[in-house]
Amino acid sequence: MSHIVRQPADIIDLDALSVACRRRGLEFRPNKTHHAWWGRFVGDSPGIAGVDPSLYGTCLHAIGEKGTIPSDGYGGHWEIGLVANPNGRGYSLVFDNYGESGRRITALAGENLSGLIQEYGVEVATRKMQRQGYRVTRAETAGKVRLHCYR
Amino acid sequence: MREIIITFDGADVTIETKGFKGAECQKATAELEKALGGRRTSETLTAEYAKVATDAKTKQ
């Protein structure tokens, strides 16, 4: 009952991530060193390559559903953990996608966290382009976000 | 006017540039790509890029 996975995301700007979390109904929990999940690895999924299962659940920061109290195990409010990116830059995201608790995360952050990762990219790009003097408008169609930057 | 259109589709990112000359568009988007963690999946070069490249080849 533990389907913990890691998503490659290259998260660098934690302030932009915090904004992205708010837009998805999530909250960024800085310096939280445990993210709630099933609580113990029972070997029913591949797990995270290269990481000792005893370390599952440890993280550097966490993300949870806004206004909830996290807890491990069945029915708990589980969280997304930020861990050091194995590629050496920034953070990647880990979470347990099992059962109802995993589905609650997926409902907010998107399948494989793609919605949260997308929103993070949108916020990073918006800030970067505005700093370069561009005006930025945003449009959404069928889940895609289009930034039109001009100057 | 210079335009950069960035499309996000899940974890995939597409960058399109308009109104830049030569390799200016690649310079303009390099910092953006770095900030996005190199997740760009495709790039559309402007007509101006093609024109400058063709002109340079003709002059050789």
Side-chain angles (χ1 to χ4, degrees), chain A residues 5-17 20 23-24 82 85-93 106 109-151, chain B:
Chain A
V5 293
R6 174 165 53 204
Q7 298 301 325
D10 287 346
I11 302 293
I12 296 165
D13 184 340
L14 295 182
D15 195 41
L17 180 65
R23 288 193 187 134
R24 303 288 308 195
L82 275 74
N85 193 329
N87 299 326
R89 198 168 92 112
Y91 306 90
S92 57
L93 304 175
T106 298
E111 195 69 36
N112 298 322
L113 310 181
S114 60
L116 177 61
I117 294 168
Q118 172 175 285
E119 199 58 50
Y120 167 76
V122 168
E123 183 61 23
V124 166
T126 300
R127 291 172 179 218
K128 183 67 71 177
M129 298 314 293
Q130 286 175 337
R131 274 201 294 271
Q132 290 182 29
Y134 285 85
R135 291 185 177 208
V136 180
T137 62
R138 170 182 176 143
E140 287 188 49
T141 312
K144 294 182 184 178
V145 177
R146 189 169 183 254
L147 295 181
H148 185 190
C149 317
Y150 59 97
R151 68 175 182 188
Chain B
M1 184 168 70
R2 293 179 173 184
E3 296 176 76
I4 298 178
I5 297 159
I6 311 160
T7 304
F8 295 84
D9 185 4
D12 296 332
V13 185
T14 305
I15 301 174
E16 181 186 357
T17 57
K18 295 179 183 174
F20 290 86
K21 290 206 167 71
E24 282 180 355
C25 58
Q26 288 169 320
K27 284 182 191 169
T29 58
E31 198 177 334
L32 176 63
E33 289 169 32
K34 191 177 172 189
L36 291 172
R39 290 189 292 118
R40 182 185 66 171
T41 55
S42 65
E43 177 185 52
T44 304
L45 298 175
T46 61
E48 290 87 346
Y49 181 95
K51 185 177 183 308
V52 170
T54 305
D55 288 350
K57 208 171 182 180
T58 306
K59 285 173 188 170
Q60 285 173 356

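By convention in this document, chain letters (A, B, ...) are assigned in the order of the sequence lines, proteins followed by strands, and residues within each chain are numbered from 1.
Atom SG in A:Cys149 sits 7.5 Å away from atom CG in B:Leu32 (nearest 0.5 Å). Between B:Ile6 atom CD1 and A:Lys128 atom NZ the span is 11.5 Å, to the nearest 0.5 Å. To the nearest 0.5 Å, atoms CG (B:Asp9) and CD (A:Gln118) are separated by 7.0 Å. With rounding to the nearest 0.5 angstrom, the CD1 atom of A:Ile12 is 8.5 Å from the NZ atom of B:Lys34.
Counting heavy-atom neighbours within 6.0 Å of A:Arg127 CZ, excluding the residue itself, gives a total above 12. Environment of CD in B:Glu31: sparse, with no more than 12 heavy atoms of neighbouring residues, nucleotides or ligands closer than 6.0 Å.
Here the rule is side chain to side chain contact (heavy atoms under 4.5 Å, CB included) with A:Tyr150, and of B:Lys18, B:Arg2, B:Met1 only B:Met1 fits it.
The part of A:Gln132 that comes within reach of chain B is its side chain, from C-beta onward, which places non-hydrogen atoms under 4.5 angstrom from that chain.
Of the residues considered (A:Val145, A:Asp13, A:Val136), A:Val145 shows the highest number of contacts with chain B, using heavy-atom pairs under 4.5 Å. Among B:Thr7, B:Ile5, B:Ile4, the residue making the largest number of heavy-atom pairs under 4.5 Å with chain A is B:Ile4.
Closest heavy-atom contact between B:Phe8 and A:Ala125: CZ-CB, 3.8 Å.
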